[in-house]
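Below you'll find the structure, written out as structure tokens, and then a few comments.
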Amino acid sequence: MKLNFHENHKLLFNVVFWGFVFLSIIIAIAPAYNLNEIEPTPGLKPMTPEEFKGLGVYVSEGCLYCHTQQVRPLESDLIFGRPSAPGDYAYLKPLDDLRMTPAVLGSERTGPDLSNIGNRQPSKSWHYIHLYNPRAVVKSSIMQAYPWLFEIKDSVGENDVVISLPPDTAPKEGKVIATEDAENLVAYLLYLKQAPIKGLNNSELFSSADKNSSGTMGQNLYNSSCASCHQQNGEGIPSIFPPLKNSAVVDSDNAEEHIRIVLFGSKGKVIDGVEYTSEMPAQAENFSDEEIAAIINYERTNWGNNGSEVTAEDVKMIRAERK
Amino acid sequence: MELTRPITVSKSKIDEIIDEDSRLTKLIYHYLLSATAWLIFGSFVGLFLGLKFIYPDWGNTAWLSFGRLRPIHTNVVFWGWTSLSMIGLALYVVPRTSQNRLYNLLLSRQALYVINLSVLLGVISLFLGINNGGQEYREFTWPVMLLFALGIGANLLNLYKTVAARKTREIYLSNWYILAAFIWTMVVVVIAYLPFYQNSLGETIIQGYYMHMGVGMWFTPLVLGLTYYFLPKLLNKPIYSYSLGVLAFWTQMVFYSLIGAHHFVFAPIPWWLQTVAIVFSFGMFVTLFAGTANFLLTMKGSFRTIAKSYSLPYILVGVIFYFLASGQGSLEALRSLNKIWHFTNFTVAHSHLTMYGFVVFLIWGGIYALMPRLTGNEPSHILVGIHFWFALIGLLIYGFALMIGGTLQGQSWIDGLPFINSVELMAPYWLWRAVGGTLMFIAHLVFAFNIFKMQPASNKDFVLETAEESV
């Protein structure tokens, strides 16, 4: 047997095969095996069966082609949450015998990162509207609409989830009802909450990125957590999400009610004769006093509003009301 | 007088017709025909997807939704078009350079049916929303991919046996690359579909490995192997340096295998893995310089021949894109540049510049070189030219639009602007992308017509022969 690659095909192709197998073990199989089981990030809950089914819808509809679930340790990614840690992915496993572990990390960010969307956008109503027609809540969105995740019914059953839509988006007749797939998908999206990690607190990262200007922090937080409902221009969505611009609560001398609504949420309010049925989620758990003060001050001093400003102390006092 | 100069250069007609076993000719033709059908379908889906960025409410039904069509586009052009066309060409090149007959015609014909079936089933299941966990380029579920692997495995066996029984002493360089591509791909597919190490982040590691090797250990070596045959053959002179080709071969195997993780730079996977990937991404410049220099130095002094030929310009473009686009890929791995370009449309530009500018142009060069010589039927030179220019200009528009747009997208994020800003600013670039994509699609229609023109003389014989084969 000649030790000559040019003339001995067995030798050549054996080296080609075993060499590549060897390299693949070092660079892929071994490190993958090491990360096959990870300790979950403390505080991260496993998915409920509904949420796991929702992940299945997320995969089937290809959400992960446009949305990442990895916050990089870069300043530009902080609006999405704290940098992702390996433990955040500990509960991922194959969907069934046919399909492998979902590749939720993604490779493309045509839409925003969703690692922490359950915290950043906790409003169920918003998610349903957004899935039914993204452009109803984000004007220049180019996201795919998912009308097949909804049904239009004339009469509403007892357990039906009815979607309230802005007038120009709603169908002419009948009510829009979420299918089970839509309910599961929204349950999964709301499940996506980053468990806090000490030393990786978002507000610490924010303030180290921008030490002196709490205005910038307020604006960033507003844009990433409030603007999807109340819109970047503060005008809201007619009859679904109330405007903050010229609002009696926001553009006022006394900020107490404003702070209360942000901290504890609100539902079914009648403002200027319009009843807002979609729920404003409580934000007390999501933000520190400092962050809430920054958001509120941003809202009170923009879009022509001229309300009085608040301090973290004020927020702290009102937060204590419900402890 | 200047004004009367024709706008086209007259191309020389082919100088020889190869007297080849007509059954092999038909087999190759059927590989190319299937491939072309997948190209038309796959690139039409791609074009439609591109238009959805401009008209997001087009096709608001499950089957026409972005999330389901996107994997159909990528998998069809990968496994249907590019793979089948390259295998078709390899079925000629391997026996030819081994001065031997193909070991078993029937085996490769059955493999063709199996691969087509696999892609068809894959497309149907993707339409139904059944994908393999959204793993890019491995969206086909394991039963579907098993069929594909059977088709690749059968061809591997066939080509290996052909090389093993060769009538030459040495194994020609083309066959190193071609056979290795089949071997590596079998390994990659097996590793990618075994589930034992793919929970939680294990999946991400394998995905980085797979999406990289699926491209770089299949398309790249296979098409380079074909080019190591077609280029010297068309120029009627030996390759500039055989040893450079060997060097590029071994570095491809060692360096390229190690760089899959550069698709997950800054992700929460081990830092050492990312660093190794980045370092060897730069190691790839050795392979790249060796390969490109070898091709360009072979072409040196023959540019008149290239201008006169209608297949060589495709190969020239392919070689240039091989260098530029692969080099671009290595640069994208650098942390400083990755910061700007990762997650943006820049990566979409990159994948098209490589898969299309490099791989597909070389395939077209091979097809236009081989088919007329096998069948004696030449396509219209003007139409080959229209195909060439529409594809090239379309690709350049596509690539530049998304490279510029992608850079602005990344900059918008770094500047801390609201996310929607990065969507709004892309509007004109997505429009230009659609313009480029339309030109590319028109080129494919012209190419399909040319393929039709190059068909073997009579299809009647073929019906008889298949009947014979099955006896």
Side-chain angles (χ1 to χ4, degrees), chain A residues 6-7 9 12-13 16-17 19-21 23-24 27-29 31-33 35-38 59-65 68 70 72-74 76 79 84-86 88-90 92-95 98-103 105 107-109 112 138 140-145 147-148 220 223 227 232, chain B residues 53 56-57 60-62 65-68 70-71 129-136 141 160 163-164 169-171 176 179-180 183-184 187 191 195 197-207 209 253-254 257-258 260 263-264 266-268 270 273 339 343 347 413-414 416 418-420 423-424:
Chain A
H6 297 268
E7 292 177 20
H9 55 268
L12 173 65
F13 295 123
V16 160
F17 174 76
F20 185 62
V21 168
L23 291 168
S24 299
I27 205 69
I29 297 180
Y33 192 76
L35 291 169
N36 191 41
E37 277 179 43
I38 317 173
V59 167
S60 281
E61 301 304 346
C63 305
L64 33 71
Y65 294 119
T68 52
Q70 47 167 321
R72 300 169 296 174
L74 300 174
S76 56
I79 53 164
S84 298
D88 299 349
Y89 307 94
L92 287 176
K93 55 173 191 189
L95 291 167
L98 192 61
R99 300 175 294 168
M100 303 182 94
T101 309
L105 274 83
S107 64
E108 192 79 34
R109 214 176 253 170
V138 185
S140 41
S141 167
I142 57 149
M143 186 171 113
Q144 174 73 52
W148 61 94
N220 286 339
N223 283 335
Q232 231 168 286
Chain B
F53 284 77
D57 282 313
N60 268 347
T61 56
S65 67
F66 186 89
R68 297 195 191 185
R70 197 241 197 210
I130 303 165
N131 66 54
N132 188 30
Q135 316 280 355
E136 274 180 89
T141 52
Y160 180 79
V163 170
R169 246 164 70 99
E170 294 205 340
I171 309 159
W176 292 42
L179 269 284
I183 293 170
W184 290 333
V187 175
I191 291 178
Y197 34 77
Q198 300 203 47
N199 288 321
S200 55
L201 277 182
E203 172 276 317
T204 304
I205 304 286
I206 298 299
Q207 178 56 17
Y209 167 83
M253 169 167 138
V254 176
S257 302
L258 301 176
H263 290 264
F264 289 98
F266 293 118
L273 206 59
K339 229 186 222 180
F343 295 148
T347 60
W413 298 339
I414 288 171
F419 185 85
I420 195 69
V423 177
E424 287 163 351

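Here is the naming used below: chain letters follow the sequence lines, and residue numbers restart at 1 for every chain. Please read all numbers here as calculations on a predicted model, not as lab measurements.
- Looking at B:L258, both its backbone and its side chain come within 4.5 Å of chain A, counting heavy atoms on both sides.
- Residue A:P102 comes nearest to A:K93 through the heavy atom pair CD-O, 3.4 Å, listed as atom of the first residue, atom of the second, then distance.
- For B:Q135, the parts lying under 4.5 angstrom from a heavy atom of chain A are both the backbone and the side chain.
- Closest approach of A:S24 to B:Y209, counting heavy atoms only: OG-OH, 2.6 Å.
- One distance of note links CD of A:E61 with CH2 of A:W148; it measures 5.5 Å at 0.5 Å rounding.
- Interatomic distance, A:L98 CG to B:N131 CG, rounded to the nearest 0.5 Å: 10.0 Å.
- The residue among B:F264, B:F419, B:F266 with the most heavy atom pairs within less than 4.5 Å of chain A is B:F419.
- Listed options A:V16, A:V21, A:D88 were ranked by heavy-atom pairs under 4.5 angstrom with chain B; first place goes to A:V16.
- Within a 6.0 Å sphere centred on CZ of A:F17, heavy atoms belonging to other residues, nucleotides or ligands number more than 12.
- Comparing B:G129, B:A62, B:A180 by heavy-atom pairs within less than 4.5 Å of chain A, the highest count is held by B:A62.
- When all heavy atoms are compared, the tightest approach of A:Y65 to A:E108 is O-CB, 3.3 Å.
- Among B:I206, B:N199, B:I205, the residue making the largest number of heavy-atom pairs under 4.5 Å with chain A is B:N199.
- The candidate with the highest count of non-hydrogen atom pairs below 4.5 Å against chain B, out of A:L92, A:L105, A:I27, is A:I27.
- In this structure, chain A has heavy atoms under 4.5 Å from both the backbone and the side chain of B:F53.
- Heavy-atom distances place both the backbone and the side chain of A:S107 under 4.5 Å from chain B.
- Comparing A:C63, A:S60, A:G62 by heavy-atom pairs within less than 4.5 Å of chain B, the highest count is held by A:S60.
- When all heavy atoms are compared, the tightest approach of B:I171 to A:E7 is CD1-C, 4.4 Å.
- The contact between A:L64 and chain B is made entirely by side chain atoms (from C-beta outward), counting heavy-atom distances below 4.5 Å.
- Only the side chain of A:Q232 has a heavy atom closer than 4.5 Å to any heavy atom of chain B.
- At a 4.5 Å heavy-atom cutoff, the contact between A:P147 and chain B is made by side-chain atoms alone.
- Looking at A:A28, both its backbone and its side chain come within 4.5 Å of chain B, counting heavy atoms on both sides.
- A:P112 is not listed as a side-chain neighbour of A:I79, based on a closest heavy-atom distance of 4.5 Å or more.
- Using a 4.5 Å cut-off between heavy atoms, B:E424 contacts chain A through its side chain alone, with no backbone atom that close.
- If you tally non-hydrogen atom pairs under 4.5 Å between each of A:A90, A:P86, A:P73 and chain B, the highest count goes to A:P86.
- For the pair A:L35 and A:I38, the tightest heavy-atom approach, listed with the atom from each and the gap, is O-CG1, 3.4 Å.
- Of the atoms belonging to B:L273, it is side-chain heavy atoms, and not backbone ones, that fall under 4.5 Å from chain A.
- Taking CZ of A:F13 as the reference point, atom CG of B:L179 lies at 3.5 Å (rounded to 0.5 Å).
- When every heavy atom of B:T141 is checked against every heavy atom of A:R99, the shortest pair comes out as CG2-CG, 4.3 Å.
- Taking B:S200, B:A164, B:G260, B:P56 one by one and counting their heavy-atom pairs under 4.5 Å with chain A, the maximum is reached by B:S200.
- The contact between B:S257 and chain A is made by backbone and side chain atoms together, counting heavy-atom distances below 4.5 Å.
- One distance of note links CG of A:N36 with CG of B:L201; it measures 10.0 Å at 0.5 Å rounding.
- Residues B:S65 and A:Q144 have side chains that never bring a donor and an acceptor to within less than 3.5 angstrom of each other.
- Heavy-atom pairs under 4.5 Å with chain B peak, among A:T68, A:L95, A:V138, at A:T68.
- Ranked by heavy-atom pairs shorter than 4.5 Å toward chain A, the options B:P418, B:G416, B:P270 are led by B:P418.
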